[in-house]
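The structure under discussion appears below in the form of structure tokens.
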Amino acid sequence: MVAFTELISYENDVFRAFVFWSTVLIVKTMFMSPLTGLQRFKNKSFANPEDSAMYKTKPKFDDPNVERVRRAHRNDLENIFPFVLIAFFYVLTNPQAWLAINLFRVAAIARIVHTVVYAVVVVPQPARALAFFVCLAVTLYMAFQTIVFFL
């Protein structure tokens, strides 16, 4: 059995990949707020009276472009947090490096694609669903492997 300190170290390629891809996803999620703001300014669709007063408009809560970005952001919050947490637990199982690194990579790229086809360049289904389910499948796989390991 490998010591905890060996698993959570700079020398462990799996841990390094986990930190890298988790950080990429967290930063991607953080950029969703400015993307929402950009859509609000572009469409002059502000939710707060003090913001809409700048453009002499009324508060608006149903702009389709703003709401699309907000839904994509909410989807990130609902899926990236579980991915990061489960991926960390998966690192503790001392998985095969090539598999773990590729799982992290595939999940992160799928989430990035999900955002692009949902909120940046709208692409018809099944593009968004495929990106969503790829990351979900990776997360569930890692969760299952972690549960079995720690039984």
Side-chain angles (χ1 to χ4, degrees), residues 1-43 45-48 51 60-151:
M1 182 166 270
V2 179
F4 178 80
T5 54
E6 291 178 39
L7 294 172
I8 310 302
S9 74
Y10 299 121
E11 289 80 34
N12 183 353
D13 290 338
V14 173
F15 181 68
R16 290 175 61 85
F18 160 73
V19 170
F20 174 81
W21 288 109
S22 295
T23 303
V24 166
L25 287 176
I26 292 167
V27 169
K28 186 209 81 60
T29 302
M30 292 171 63
F31 273 109
M32 295 304 288
S33 292
L35 185 59
T36 303
L38 183 66
Q39 286 296 324
R40 286 195 183 283
F41 279 100
K42 179 180 168 188
N43 297 296
S45 177
F46 303 100
N48 299 309
D51 298 333
K60 187 175 180 184
F61 301 98
D62 60 353
D63 183 89
N65 297 310
V66 172
E67 291 307 310
R68 176 174 287 279
V69 175
R70 291 185 61 200
R71 287 191 305 272
H73 191 180
R74 184 174 54 234
N75 192 279
D76 278 351
L77 295 171
E78 293 169 350
N79 290 280
I80 290 175
F81 173 72
F83 167 80
V84 169
L85 192 58
I86 288 170
F88 176 73
F89 294 152
Y90 182 65
V91 169
L92 299 179
T93 70
N94 194 24
Q96 294 180 1
W98 68 270
L99 177 60
I101 292 166
N102 283 309
L103 287 172
F104 301 154
R105 185 178 294 142
V106 165
I109 291 169
R111 286 308 308 176
I112 292 165
V113 168
H114 181 271
T115 295
V116 170
V117 302
Y118 195 4
V120 179
V121 180
V122 179
V123 176
Q125 288 285 29
R128 187 176 82 236
L130 289 171
F132 172 84
F133 284 114
V134 165
C135 185
L136 179 65
V138 168
T139 304
L140 290 173
Y141 172 81
M142 291 187 305
F144 176 77
Q145 292 300 319
T146 302
I147 289 168
V148 169
F149 181 87
F150 284 103
L151 268 178

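Since the structure is predicted, the reported quantities are computational estimates derived from the model, not experimental observations.
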So which heavy atom on [X] is nearest to which on [Y], and how close?
X      : Y      : answer
Phe149 : Leu92  : CE2-O, 4.0 Å
Val91  : Phe18  : CG2-CB, 3.8 Å
Phe15  : Leu7   : CB-O, 3.3 Å
Val14  : Asn12  : N-OD1, 3.0 Å
Ala107 : Val138 : CB-CG1, 3.8 Å
Ile86  : Thr146 : O-OG1, 4.4 Å

Do [X] and [Y] make a side-chain contact, defined as non-hydrogen atoms from C-beta onward lying under 4.5 Å apart?
X      : Y      : answer
Asn102 : Arg105 : yes
Val24  : Ile112 : yes
Val120 : Leu35  : yes

Atom [atom1] in [X], atom [atom2] in [Y]: separation rounded to 0.5 Å?
X      : Y      : atom1 : atom2 : result
Thr93  : Met142 : OG1   : CE    : 9.5 Å
Arg74  : Asp76  : CZ    : CG    : 11.5 Å
His73  : Glu78  : NE2   : CD    : 11.0 Å
Arg40  : Arg70  : CZ    : CZ    : 5.5 Å
Leu136 : Asn79  : CG    : CG    : 7.0 Å
Asn94  : Phe4   : CG    : CZ    : 12.5 Å

Side chains of Asn65 and Arg68: any donor to acceptor distance under 3.5 Å?
no

Evaluate whether atom OH of Tyr10 has more than 12 neighbouring non-hydrogen atoms of other residues, nucleotides or ligands under 6.0 angstrom away.
no

Take the angle between the ring planes of Tyr141 and Tyr90 and call it parallel below 30°, perpendicular above 60°, tilted in between.
perpendicular

For Met32 and Val69: C-alpha separation, side-chain torsions, deciding distance, then whether side chain to side chain contact (heavy atoms under 4.5 Å, CB included) applies.
CA-CA 7 Å; Met32 295 304 288; Val69 175; 4.1 Å; yes

